[in-house]
Amino acid sequence: MHNNLCILALAVYLSLEQIYYGFYTTQSGELIHEIHFGTALVMGLYAIVSGYFHIKKVNHIGWSHEIYAISFGFFGFVIAITRALLIQNDIFALPSVYIAVLYGFAVFFYFSPIVSFGIYSLTSASIIILLPMFQHEVVRMAYAQDILSNNIIAWIASVINYHRYVREYRSQQVMCNKNELLEAKTYKIEKTNQVLQYISNVDALTNIYNRRKLNELLDMEYDRCTLLNRRISLILMDVDLFKSINDTYGHAVGDKVLAKLGDILKSNISRGDKAGRWGGEEFLIICPERDFEDALNLAERIRKMIQSFDFNLRKNVTCSFGVATNKEIDTIANLTLRADQGLYKAKKMGRNRVEGLE
């Protein structure tokens with residue numbers, strides 16, 4: 001889009017310049033007057049088209065855009081040659097007009113060496129052949145050498161400018177490709193880290209927190225509740241007679257029972273509660289900001305849910321629960337111990353029940 005921006009800037013400038021020359025430096029009816037306004041009109045059309053391309057942010061440069069850009073340079077040469085051929089006493093203006101277009105084309109636009117060579121060859125040949133036909137007093141050898149020399153110099157400048165542009169463009173492309181590759185690798189690493197973090201925190205069988213993550217959450221929530229002078233309760237759950245399930249139906253069925261229990265826990269605790277597999281057939285629910293009665297009610301609701309759930313076995317699966325709530329002076333170890341004592345009491349009193357120690 002570099003060429004389009006150059007066309008836009010030059011077209012706006014030249015249209016205003018030619019309008020000024022048409023109004024203030026020439027008389028109506030003169031050929032040069034018509035050339036100025038004709039040039040201003042064409043430059044205005046180029047400015048409109050270039051402005052449209054710029055606003056639409058055209059990223060794909062096709063053949064139509066290339067031809068459009070080349071036509072702008074050709075038009076500049078045509079105007080310069082026309083003035084040299086048709087305007088009497090304007091032959092001395094040729095260097096200022098023709099040379100301006102010649103070197104402006106080399107500096108502002110990026111065309112391949114073959115394309116620019118073709119443009120310079122055609123335009124230089126045109127003015128060398130046609131100028132004596134319109135300006136009879138001009139001797140061809142007096143200007144042909146200068147025109148050829150300037151066209152060769154301009155073409156060399158165009159080639160250098162083009163190769164500089166190509167190097168910068170390729171460098172930018174390489175940088176963009178490296179950035180895209182780096183972003184893709186970073187994204188892949190982030191996804192891998194997320195998977196690894198999930199695996200390290202979640203029990204593979206039950207799809208709830210594992211003991212390592214439960215310990216981390218318990219430390220964090222206990223400290224937070226202690227700092228805010230809030231209650232925190234623990235619910236320790238154990239599957240009743242789980243060994244008999246494994247012995248009767250096999251370990252695969254036992255694993256399915258544990259997985260279902262994980263689903264039941266996830267579905268029946270609040271967002272603030274954290275449930276996980278404590279070990280074997282034991283599960284722990286961390287209940288921040290729940291008092292003792294609230295934790296007992298939650299444990300009882302889960303107990304009934306498990307008792308009534310159809311595990312596709314010949315007998316119901318039941319669980320025993322121990323509940324404990326922190327005291328004013330307490331530790332995590334003592335809180336966990338009281339939950340375990342409540343679970344032991346539930347087992348001793350016949351299983352499938354909830355017992356707690358404040």
Side-chain angles (χ1 to χ4, degrees), residues 191-218 220-221 233-288 290 294-324 335-356:
K191 285 296 182 182
T192 302
N193 288 337
Q194 290 176 4
V195 172
L196 292 175
Q197 184 177 15
Y198 180 83
I199 293 174
S200 67
N201 292 335
V202 174
D203 178 68
L205 177 62
T206 59
N207 202 31
I208 55 178
Y209 290 128
N210 56 25
R211 181 157 186 160
R212 188 196 68 81
K213 185 62 177 178
L214 283 173
N215 281 322
E216 178 184 323
L217 293 172
L218 181 56
M220 181 180 67
E221 292 294 346
S233 298
L234 297 183
I235 300 174
L236 193 59
M237 180 185 94
D238 183 80
V239 183
D240 295 331
L241 304 175
F242 183 71
K243 184 178 183 302
S244 67
I245 296 176
N246 282 333
D247 293 342
T248 304
Y249 302 102
H251 288 278
V253 174
D255 288 346
K256 290 181 180 180
V257 170
L258 295 177
K260 288 291 185 180
L261 290 172
D263 292 337
I264 292 173
L265 291 180
K266 285 192 296 185
S267 301
N268 288 275
I269 61 175
S270 67
R271 181 178 298 179
D273 299 331
K274 280 82 176 175
R277 188 179 179 189
W278 194 238
E281 63 270 21
E282 282 191 342
F283 297 83
L284 179 69
I285 306 173
I286 303 171
C287 305
R290 280 188 187 271
D294 197 9
L296 283 176
N297 292 334
L298 174 61
E300 182 63 22
R301 186 168 70 249
I302 295 174
R303 185 195 68 79
K304 291 179 179 179
M305 181 71 67
I306 294 171
Q307 183 181 9
S308 61
F309 188 84
D310 184 9
F311 287 90
N312 293 321
L313 303 178
R314 288 191 296 270
K315 62 178 183 178
N316 291 340
V317 175
T318 61
C319 292
S320 299
F321 296 80
V323 179
L335 179 62
T336 306
L337 177 61
R338 292 199 302 277
D340 190 58
Q341 289 173 344
L343 175 61
Y344 177 78
K345 182 179 179 181
K347 292 283 190 181
K348 189 175 181 181
M349 296 182 67
R351 303 184 181 87
N352 191 24
R353 58 189 296 120
V354 177
E355 294 293 337

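FYI, side chains are in, hydrogens and waters are out, and symmetry mates aren't considered; it's all heavy atoms of this structure.
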Quick one: do Ile302 and Ile285 satisfy side chain to side chain contact (heavy atoms under 4.5 Å, CB included)? Show the steps, please.
-> CA-CA 11 Å; Ile302 295 174; Ile285 306 173; 3.6 Å; yes

N-O pairing of Lys274 and Glu221 below 4.0 Å =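 Yes, charged N to carboxylate O under 4.0 Å.
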
When you check the gap from the basic side-chain N to the acidic O, do Lys347 and Asp240 get nearer than 4.0 Å?
->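 Counted as a salt bridge, because a side-chain N and a carboxylate O are separated by less than 4.0 Å.
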
From [X] atom [atom1] to [Y] atom [atom2], the distance as rounded to the nearest 0.5 Å:
| X | Y | atom1 | atom2 | answer |
| --- | --- | --- | --- | --- |
| Asp238 | Thr318 | CG | OG1 | 10.0 Å |
| Cys319 | Phe242 | SG | CZ | 10.0 Å |
| Lys345 | Met349 | NZ | CE | 6.0 Å |
| Leu218 | Arg211 | CG | CZ | 10.5 Å |
| Leu337 | Leu234 | CG | CG | 11.5 Å |

For the student: nearest non-hydrogen atoms of [X] and [Y], plus distance:
| X | Y | result |
| --- | --- | --- |
| Val257 | Phe311 | O-CE2, 3.9 Å |
| Arg301 | Leu298 | NH2-CD1, 3.0 Å |
| Cys287 | Ile235 | SG-CD1, 3.9 Å |
| Ala339 | Ala324 | N-CB, 3.5 Å |
| Ala275 | Ile208 | O-CB, 3.8 Å |
| Leu343 | Ser320 | CD1-O, 3.2 Å |

Check whether the side chains of Arg277 and Asn210 place a donor and an acceptor atom closer than 3.5 Å, and report yes or no.
->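 No.
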
Go through the side-chain N and O atoms of Ser244 and Asp247 and say whether any donor and acceptor fall under 3.5 Å apart.
->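 Absent: no donor and acceptor within the cut-off.
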
Distance-only, no hydrogens or angles: does the Asn268 side chain make a donor-acceptor pair with backbone N or O of Ile264 under 3.5 Å?
->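 Side chain of Asn268 to backbone of Ile264: a pair is present.
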
Taking the side chain from Thr248 and the backbone from Ile245, do they hold a donor-acceptor pair closer than 3.5 Å?
->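 Side chain of Thr248 to backbone of Ile245: no pair is present.
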
With side chains defined as the heavy atoms from C-beta onward, is the minimum distance between [X] and [Y] less than 4.5 Å?
| X | Y | answer |
| --- | --- | --- |
| Asp310 | Asn312 | yes |
| Gln307 | Val317 | no |
| Val354 | Leu296 | yes |
| Ile286 | Tyr209 | no |
| Phe283 | Leu261 | yes |
| Arg338 | Val323 | no |

Give a yes or no on whether [X] atom [atom1] has more than 12 heavy-atom contacts from other residues, nucleotides or ligands under 6.0 Å away.
| X | atom1 | value |
| --- | --- | --- |
| Lys243 | NZ | no |
| Met305 | CE | no |
| Tyr344 | OH | no |
| Lys315 | NZ | yes |

Passes side chain to side chain contact (heavy atoms under 4.5 Å, CB included), Ile306 versus Met237? Steps please.
-> CA-CA 11 Å; Ile306 294 171; Met237 180 185 94; 3.7 Å; yes

Evaluate the side chain to side chain contact (heavy atoms under 4.5 Å, CB included) criterion for residues Asp255 and Asn246: first the C-alpha distance (whole Å), next the side-chain angles of each, then the deciding distance (0.1 Å), finally the verdict.
-> CA-CA 9 Å; Asp255 288 346; Asn246 282 333; 5.6 Å; no

What pairs with Glu216 under side chain to side chain donor-acceptor pair (under 3.5 Å), at least two apart in sequence or on another chain?
->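 Checked Glu216 against side chain to side chain donor-acceptor pair (under 3.5 Å); matches are Lys213.
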
Residues in side chain to side chain donor-acceptor pair (under 3.5 Å) contact with Asn352, at least two apart in sequence or another chain =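 Counting only residues at least two positions away or on another chain, Asn352 forms a side chain to side chain donor-acceptor pair (under 3.5 Å) with Arg303.
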
List the steps and the verdict of side chain to side chain contact (heavy atoms under 4.5 Å, CB included) for Leu236 and Phe321.
-> CA-CA 6 Å; Leu236 193 59; Phe321 296 80; over 6 Å; no

Salt bridge (Lys or Arg N to Asp or Glu O under 4.0 Å) between Arg290 and Asp273: does it pass, once the steps are laid out?
-> CA-CA 9 Å; Arg290 280 188 187 271; Asp273 299 331; 2.9 Å; yes

With sequence neighbours excluded, what pairs up with Lys256 under the side chain to side chain contact (heavy atoms under 4.5 Å, CB included) test?
->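 Partners of Lys256 by the side chain to side chain contact (heavy atoms under 4.5 Å, CB included) criterion come out as none, since no residue qualifies.
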
